[in-house]
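Take a look at the structure below.
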There are 2 protein chains.
Amino acid sequence: MSDDAAPMSLHTRTENVLRNRTPGNLTREERDVLESAISGTRVMRAGQIAVRQGREVDASTVLIEGLMTRHIDARDGRRHLVGIYLPGDFVDLHAYALKRLDHDVGALTDVTIGIVPHSALERIQTDYPHLTRRLWFLTLLDAAQHRQWVLRLASLNAIGRVAHFLCEMNARLAAIGRSDGERFDLPMTQVDIGEVCSLTNVHVSRVLRELRELGLCTMRASSVELHDVPRLAQLGNFDPHYLYLNDATARLAVSGKGSL
Amino acid sequence: MSDDAAPMSLHTRTENVLRNRTPGNLTREERDVLESAISGTRVMRAGQIAVRQGREVDASTVLIEGLMTRHIDARDGRRHLVGIYLPGDFVDLHAYALKRLDHDVGALTDVTIGIVPHSALERIQTDYPHLTRRLWFLTLLDAAQHRQWVLRLASLNAIGRVAHFLCEMNARLAAIGRSDGERFDLPMTQVDIGEVCSLTNVHVSRVLRELRELGLCTMRASSVELHDVPRLAQLGNFDPHYLYLNDATARLAVSGKGSL
DNA sequence: CGTGAATTTGAGAGCCATCAATCTAAGTGG
DNA sequence: CCACTTAGATTGATGGCTCTCAAATTCACG
C-alpha cells in the first residue's frame, strides 16, 4: 500500500501544500516536518474510492498529483460533490479529529497520494504548535470553501454556478502554478461538473455553449480557456477572498492577467 | 462591551459546549479551562451583526443563549444563511486561525454571548493539547454541517429541504436539552427558513402547509411539533451521523422517542 | 382598536429536469 | 484501413417545481 511509485526529491511531495495562501507558505522546517510525516505514497486509478463514509481511519491523505473529490451519494442514486481537491490539498485531514468521515473520498483522475498516519499528526500536535495551527487553518479553508459552495447553489442560476466554479478552479490552480490565470487543464466531464453545480449534464452542455457564445470561455476536452475573467467573475459573483490567497494570486484570479 | 448581564454560576456558560457529542462531553477540567477563557459576556439584540465579513478580529464568540447565524449577502440583495448556531456553539471559533471571516455573524434573536480572546486560545493551544483537539473537532463539526447543507440544496426539493432542516434543528436542540425529540421552540420566521433552505417565504408557507396536511409537523409562531419524526427524516433524507451525536441522542433524532 | 409584521392564497411565468435521439471522438479488432 | 463500440457531448420537445407579483388575512402589540 505504500510502495513509492517513483523516487521523489525532497519536498516535491509537499511543495503545493498551502502554496500561495495568505499567512505565507510553509517554512522550510515545517515542510521538512510535514514531509517526514508522510509514511509513503500510493497511486490510485480514476474512479477508485480512497475512503468510504463511516469507515474508521487512522491516516490522512495529502494529494500529490491528480484530482480527488469528496462526494455523497444521495438516496435518488445521484452523486453530489461537496468538495474537489488539487495537488497540495489534504483531502481528509479532518479524519484526524473526526475518525469517521461523513462522506466518501474518491479519485476523479489517476492520482498519487501521500499517506500521513495519525500518529505522526499526534507528534506534530504536541511538538509543533505553529505547524498545528497551519494544519488547523487548512481544515478551516475547507469549511470556507464549503460555505461558498452553499452560496453558489443558493444564490446563482446555472450559468452563474458554472462560471463561479470555473473561476474557483482557475484561482486554486493558479496558486499551485497550474494555471496562468486564463488557461488550465481540468480533466472533468460535463457529468462531473453537473455533480459539482447540481445540474444535469444536459444543462451543463447548454451552459457551456452559452458561455462560449458570450465569448467568456471555451472548454474542449479537458482544456479550459477563460477569455474574459473579470466578466466571468461578475457572472459567478466570484470573490476569491474565501480562498485566502496571497495578494498577487488573488489579483490574478479576478483579472486573468498578472504574474506570480 | 463585557459587562456581565447577570451573574452566572460556574459552568453555566459552557454547559452546552460539545454536550452529547460523540467523543464524550468535556471533562470537568476542560470545562474549567474553557470557562476561564471567557473574558466576559455580552447581550445583543435580534438583528445585530456581531462580526462583519473581512473585519479583523482578535476574539471568538461562544453562544450562551439565543440563536445566531452565519450569513452572506449576495449581489441580488438577498441574504443567505450558511450556518445557524445554538447555545453551546462557537459561532466564530474559526476566526482564531482565519483572523478574517468570509461571512457575517449575526444575532437572529436576542442573544447572550461569551467573549473568548484569541490570546486565551493561544494559551490553551500550548498548554492543553487534548482540549485543543476538541476545539479543532468543533470547527470540523461546522464543516460537516456545511457539507450537509450543500447536499440539502443539491439533492432535495423544497419540502425535503424544510424537512431536513427541521430534523437537524430537532437533533441539535435535543442534544442541548431544548427538544424532547418531537417538540421544540424555534424563533424563526418563514423568511428566515427561506434563507436557510434557499426558498422564498411564499414557498416556505406552502411547504409548511403541505407538511401540516401530511400530518408530519406543525409550526405555529415559534413552536414546532414534529408528529412523525421517522417519516420527516425519510422525506428530508436526514441521517444525523454528520452531527456526531452520542448514540442516545442520535436515536432520539430519528425516532422522536426515547430518553437522554 | 389601529398598525405593521408575518402568513396565506392565487395566477402566471421561467428555469431547468426529463426523455429521447443524434453526433463526435477515440479506441479496438478484424 | 475500416466497421464496430463506447463514452461523452449536443440538440430538441415537453413538463414541473418554484419564483414573481399581487392581494387578502391573521397575528402581535401598543
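In what follows, chains carry the letters A, B, and so on, assigned in the order in which the sequence lines appear, proteins first and then strands, with residues in each chain numbered from 1. Values reported hereafter were calculated over all heavy atoms of this structure, with side chains retained and with hydrogens, waters and symmetry mates removed.
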Handout entry: Partners passing side chain to side chain contact (heavy atoms under 4.5 Å, CB included) against Ser222(B) (at least two apart in sequence or in another chain)
Key = Pro187(B)
Exercise for the section: With axes from five pairs an end, tell me the bend angle of the helix from dC1(C)-dG30(D) to dG30(C)-dC1(D), nearest 10°. Expected result: 40°
Completion exercise
Residues in residues 68-77 of chain B with a heavy atom under 4.0 Å of DNA chain C, by number, are none
Problem - Backbone N/O of Gly181(A) and side chain of Asn170(A): donor-acceptor pair under 3.5 Å - result: yes
Problem - Donor on one side chain, acceptor on other, Arg75(A) and Gln234(B), under 3.5 Å - result: no
Exercise for the section: May I ask you to check whether Arg172(B) and Gln145(B) show a side-chain donor-acceptor distance below 3.5 Å? Expected result: yes
Problem - Integer-rounded Å distance: dA7(D) C1' and Gln190(A) CD - result: 12 Å
Handout entry: Separation of atom CG in Leu153(B) from atom P in dC16(C), rounded to whole Å
Key = 15 Å
Practice task
Run through Arg13(B), Arg42(B), Arg178(B) and flag the one making a salt bridge (Lys or Arg N to Asp or Glu O under 4.0 Å) with Glu65(B).
Solution key: Arg178(B)
Exercise for the section: Summarise protein proximity over nucleotides 23-30 of chain D in one line of letters, 5' to 3': B for base, S for sugar-phosphate only, - for none, counting protein heavy atoms closer than 4.0 Å. Expected result: --------
Fill in the blank from the handout: Between the CG atom in Asn16(B) and the CD1 atom in Ile176(B), the distance rounded to the nearest 0.5 Å is 5.0 Å
Practice task
Give the intermediate values and the outcome of side chain to side chain contact (heavy atoms under 4.5 Å, CB included) for residues Val162(B) and Met219(B).
Solution key: CA-CA 12 Å; Val162(B) 174; Met219(B) 180 169 187; over 6 Å; no
Problem - Tyr242(A) and Arg147(A) side chains, donor-acceptor separation under 3.5 Å - result: no
Exercise for the section: Using a cut-off of strictly less than 4.0 Å, decide whether Ser205(B) has a side-chain nitrogen or oxygen near OP1 or OP2 of dT8(C). Expected result: yes
Handout entry: Test of ring centre spacing under 6.0 Å for His103(A) and His94(A)
Key = yes
Exercise for the section: Starting from P on dT9(C), measure out to CG on Asn201(B) and report it in whole angstrom. Expected result: 14 Å
Listing, residues 197-215 of chain B side-chain donor-acceptor contacts under 3.5 Å, not counting sequence neighbours, or none:
| unit_1 | atom_1 | unit_2 | atom_2 | d |
| --- | --- | --- | --- | --- |
| Ser198(B) | OG | Ala154(A) | O | 2.9 |
| Thr200(B) | OG1 | His203(B) | N | 3.2 |

Handout entry: Gap between atoms CG and P, on Leu208(B) and dA6(C) respectively (whole Å)
Key = 15 Å
Practice task
Would you indicate whether Arg183(B), at its atom CZ, is surrounded by more than 12 heavy atoms from other residues, nucleotides or ligands within a distance under 6.0 Å?
Solution key: no
Practice task
Determine, for Glu195(A) against Arg78(A), whether the closest basic-nitrogen to carboxylate-oxygen distance falls under 4.0 angstrom.
Solution key: no
Completion exercise
Reading nucleotides 12-22 of chain D from 5' to 3' and marking B where a protein heavy atom lies under 4.0 Å of the base, S where only the sugar-phosphate is that close, and - otherwise, the string is BB----SSBB-
Exercise for the section: Please check if any side-chain donor atom of Asp185(A) sits under 3.5 Å from a side-chain acceptor atom of Ser223(A), or the reverse. Expected result: no
Problem - Length of the CG-P vector between Asp192(B) and dA6(C), whole Å - result: 8 Å
Exercise for the section: Take atom CG of Leu211(B) and atom P of dT8(C), then tell me their distance rounded to the nearest Å. Expected result: 12 Å
